[in-house]
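Note sheet for the following structure.
Numbered from 1 within each chain, the chains take letters A, B, ... in sequence-line order.
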2 protein chains.
Amino acid sequence: MVYRRTQQVMRRLAARRRAILAAARETAAEQGMAAVQIAPVAARAEIAAGTVYRYFPSKAELISELISDISREQLDHVRQAADAAPGPLSALAAAVTTIAIDALSHRKLAWGILAEPIDVDVVTARLDCRKAIVAEIESRIAAAARAGHLPPQDAGITAAALIGALHEALVGPLAPDNLDDPAKLREAVQTLALMALRGVGVMDARARGLVVQAVPPIVPELTPQPMAAPVSA
Amino acid sequence: MVYRRTQQVMRRLAARRRAILAAARETAAEQGMAAVQIAPVAARAEIAAGTVYRYFPSKAELISELISDISREQLDHVRQAADAAPGPLSALAAAVTTIAIDALSHRKLAWGILAEPIDVDVVTARLDCRKAIVAEIESRIAAAARAGHLPPQDAGITAAALIGALHEALVGPLAPDNLDDPAKLREAVQTLALMALRGVGVMDARARGLVVQAVPPIVPELTPQPMAAPVSA
DNA sequence: ATCGTCCCTGAATTGTTGTTCATTTCTTAA
DNA sequence: TTAAGAAATGAACAACAATTCAGGGACGAT
């Protein structure tokens with residue numbers, strides 16, 4: 001054989017793969033999941049449409065991997081915030097506010113990943129994504145309940161409900177229209193976090209304290225990317 | 001002119017229109033919104049595909065009308081249940097449990113109307129549907145707050161969150177898998193209703209009482225159609 | 001009965017996207 | 001420099017579903 005993949009080529013191939021995923025992510029963030037089509041993504045990555053198929057077997061695989069990536073990043077973020085909290089209840093509060101702020105920071109992306117009309121072949125990826133975040137919340141609720149900070153409950157159901165509440169109120173089509181204003185935004189996050197904690201059984205006064213503690217005083221890095229940075233080739 | 005639409009013809013036309021909507025509804029209930037395509041619906045209504053276009057200008061219009069119909073019925077149902085309650089808080093509890101039970105009674109339909117991947121031209125109808133139900137809950141929350149039964153709050157946000165919680169936990173892809181068992185089902189509804197009431201600020205003990213009162217002791221007519229009966233031609 | 005009008009039919013058309021593949025362009029080792 | 005193999009290209013293809021329309025049938029008035 002007179003040809004072998006050299007290191008440089010492999011690097012270039014890997015970079016191109018990342019570029020495709022990045023192009024897909026940018027497209028989704030700007031125009032929604034429906035706009036993530038092979039031709040536009042390829043154009044954005046500055047390659048031909050056919051080339052995409054040298055890196056991903058199908059569009060569904062591409063989108064699935066995109067969703068998995070974003071989901072993993074979000075989960076890491078939530079875990080990190082929760083683990084840094086002093087106790088189980090604070091951890092739950094931190095997890096809730098982190099989910100809320102992440103969702104608000106990338107509303108279109110979050111909407112695309114969670115709920116936007118999408119190809120049937122990616123439902124699995126989306127489902128895994130939801131399952132993962134619900135499982136995280138569920139374990140936090142269960143931990144707090146074990147510690148005696150919450151009444152006993154079916155954490156699987158309440159965790160799912162909690163996630164649904166956050167998403168519906170923040171990224172759904174009926175979310176308030178004034179998320180640009182940081183003050184309003186902060187208020188919304190607080191309202192929802194308070195509601196979530198009350199919902200799982202935290203007494204009102206204590207919930208208020210936890211929320212005040214958990215929501216960052218300002219939300220500075222909203223315009224940047226708390227959830228994940230699109231990587232450019 | 002040698003032809004005029006007689007009464008009988010107009011009745012037949014109207015019946016056929018209803019048959020198309022009914023066929024669409026049945027299809028959606030059985031196989032999801034994605035399966036609501038012109039050809040299958042027409043076949044079910046026992047007419048040719050082209051005939052559908054004599055009654056509806058487009059598939060989007062057909063589905064929009066279907067969603068509006070179902071939404072209106074659901075809203076009526078919820079209003080009725082809430083209005084029959086003795087007070088504002090009971091009304092809220094009744095509204096919540098009614099929504100939950102309706103959703104469970106027609107999970108596939110509810111999922112299709114609320115969240116399933118769907119054509120972009122029907123987002124308006126779906127949005128109106130959500131807005132309507134959220135507005136209803138919002139007004140109930142506001143009424144209860146005005147009466148001093150709930151702490152002051154941004155009812156718009158909490159209402160949206162509440163709806164999201166119910167839907168995510170009951171009709172979403174992560175809903176528990178044992179909805180066949182009426183006991184489990186009842187338990188799930190109670191759990192969620194309790195959580196919802198706590199979330200908007202009802203004290204735990206009182207919330208429990210309201211929930212027990214609001215959830216019908218049995219859920220007998222689940223297999224029939226609490227939400228709306230598909231009309232056959 | 002029959003004519004004018006409307007209604008129904010369903011095969012063909014249209015439009016949109018994901019996917020393929022023959023060809024071209026690059027890359028490597030001899 | 002060159003030949004073998006890999007990667008990239010992008011126009012053509014395929015699949016699917018909404019929509020159209022020319023022709024046939026049904027209906028109402030005369």
Side-chain angles (χ1 to χ4, degrees), chain A residues 1-20 23-24 27-28 31-66 116-123 125 233, chain B residues 1-20 23-24 27-28 31-66 112 116-123 233:
Chain A
M1 48 170 143
V2 289
Y3 178 87
R4 255 185 35 208
R5 271 194 189 170
T6 190
Q7 281 302 91
Q8 186 178 4
V9 170
M10 291 180 70
R11 252 193 310 261
R12 190 165 52 75
L13 292 184
R16 194 155 269 192
R17 191 172 206 281
R18 280 195 304 273
I20 294 171
T27 305
Q31 308 172 57
M33 270 296 173
V36 182
Q37 296 166 4
I38 298 296
V41 167
R44 189 161 209 149
E46 295 182 319
I47 58 177
T51 307
V52 173
Y53 286 86
R54 297 194 61 81
Y55 295 88
F56 298 91
S58 69
K59 179 191 164 186
E61 291 273 338
L62 166 58
I63 293 187
S64 292
E65 188 163 330
L66 174 61
E116 191 184 340
I118 211 175
D119 194 23
V120 276
D121 301 323
V122 298
V123 292
Chain B
M1 48 172 143
V2 288
Y3 180 87
R4 253 184 39 205
R5 274 193 187 170
T6 189
Q7 281 302 90
Q8 186 178 4
V9 170
M10 292 182 71
R11 252 194 308 265
R12 191 165 52 75
L13 293 183
R16 197 155 267 191
R17 191 173 206 279
R18 280 195 304 273
I20 294 170
T27 305
Q31 309 172 57
M33 271 296 175
V36 182
Q37 295 166 4
I38 298 297
V41 167
R44 188 160 210 148
E46 296 181 317
I47 58 176
T51 306
V52 173
Y53 287 87
R54 296 196 61 80
Y55 294 89
F56 298 92
S58 70
K59 178 190 163 184
E61 291 274 339
L62 166 58
I63 293 186
S64 292
E65 188 163 331
L66 174 61
E116 192 185 340
I118 212 175
D119 194 22
V120 277
D121 301 324
V122 299
V123 293

Taking the minimum atom-to-atom distance to the side chain of [X], which one of [options] wins?
X	options	answer
B:I38	D:dA18, D:dT9, C:dC6	D:dA18
B:R16	C:dT9, C:dT17, C:dC8	C:dC8
B:K59	D:dA8, D:dA18, C:dC8	D:dA18
A:Y55	D:dA8, C:dT9, C:dT17	D:dA8
A:Y53	C:dT19, D:dA8, C:dC8	C:dT19

[N] [atom2] sits how many Å from [X] [atom1], rounded?
X	N	atom1	atom2	result
A:M10	D:dA6	CE	P	14 Å
B:I20	C:dC7	CD1	C1'	12 Å
A:R17	D:dA7	CZ	P	14 Å
B:Q7	D:dC27	CD	P	16 Å
A:R11	C:dT27	CZ	C1'	15 Å
A:R12	C:dC26	CZ	C1'	8 Å

Establish, with yes or no, whether the OP1 or OP2 oxygen of C:dC7 is under 4.0 angstrom from a side-chain nitrogen or oxygen of B:R5.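 B:R5 to C:dC7 OP1/OP2: side-chain N or O found under 4.0 Å.
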Should B:R54 be listed as having a side-chain N or O under 4.0 Å from OP1 or OP2 of C:dG10?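 It does not, given that no N or O in the side chain of B:R54 lies less than 4.0 Å from OP1 or OP2 of C:dG10.
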Just checking A:F56: base, sugar-phosphate only, or nothing, at a heavy-atom cut-off of under 4.0 Å?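 No contact.
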Which residue lies toward the 5' end of DNA chain D, B:V9 or A:E46, if each is placed at its nearest nucleotide?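 Taking each residue's closest nucleotide, the earlier one in sequence belongs to A:E46.
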Reading DNA chain D from 5' onward, which residue's closest nucleotide shows up sooner: A:L13 or B:T51?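 Result: A:L13.
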Toward the 5' end of DNA chain C, by each residue's nearest nucleotide, A:Q8 or B:A48: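 Closer to the 5' end of DNA chain C: B:A48.
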Measure from the side-chain N and O atoms of B:S64 to the backbone N and O of B:A60, and report whether any donor-acceptor pair falls under 3.5 Å.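 The answer is yes, because a donor-acceptor pair under 3.5 Å joins these two groups.
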So does B:A23 get a backbone contact from the side chain of B:T27, meaning a donor-acceptor N/O pair under 3.5 Å?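 A pair under 3.5 Å: yes.
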Go through the steps to decide whether B:R5 and B:L13 satisfy the test side chain to side chain contact (heavy atoms under 4.5 Å, CB included), and finish with yes or no. CA-CA 10 Å; B:R5 274 193 187 170; B:L13 293 183; 3.7 Å; yes
Less than 4.0 angstrom from a charged side-chain N to a carboxylate O is my criterion; do A:R17 and A:E65 meet it?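 Answer for the salt bridge query: yes.
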Side-chain contact test, heavy atoms from C-beta onward, threshold under 4.5 Å: evaluate it for B:Y55 versus B:L62 and give yes or no.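 Side chain of B:Y55 against side chain of B:L62, heavy atoms only: no contact under 4.5 Å found.
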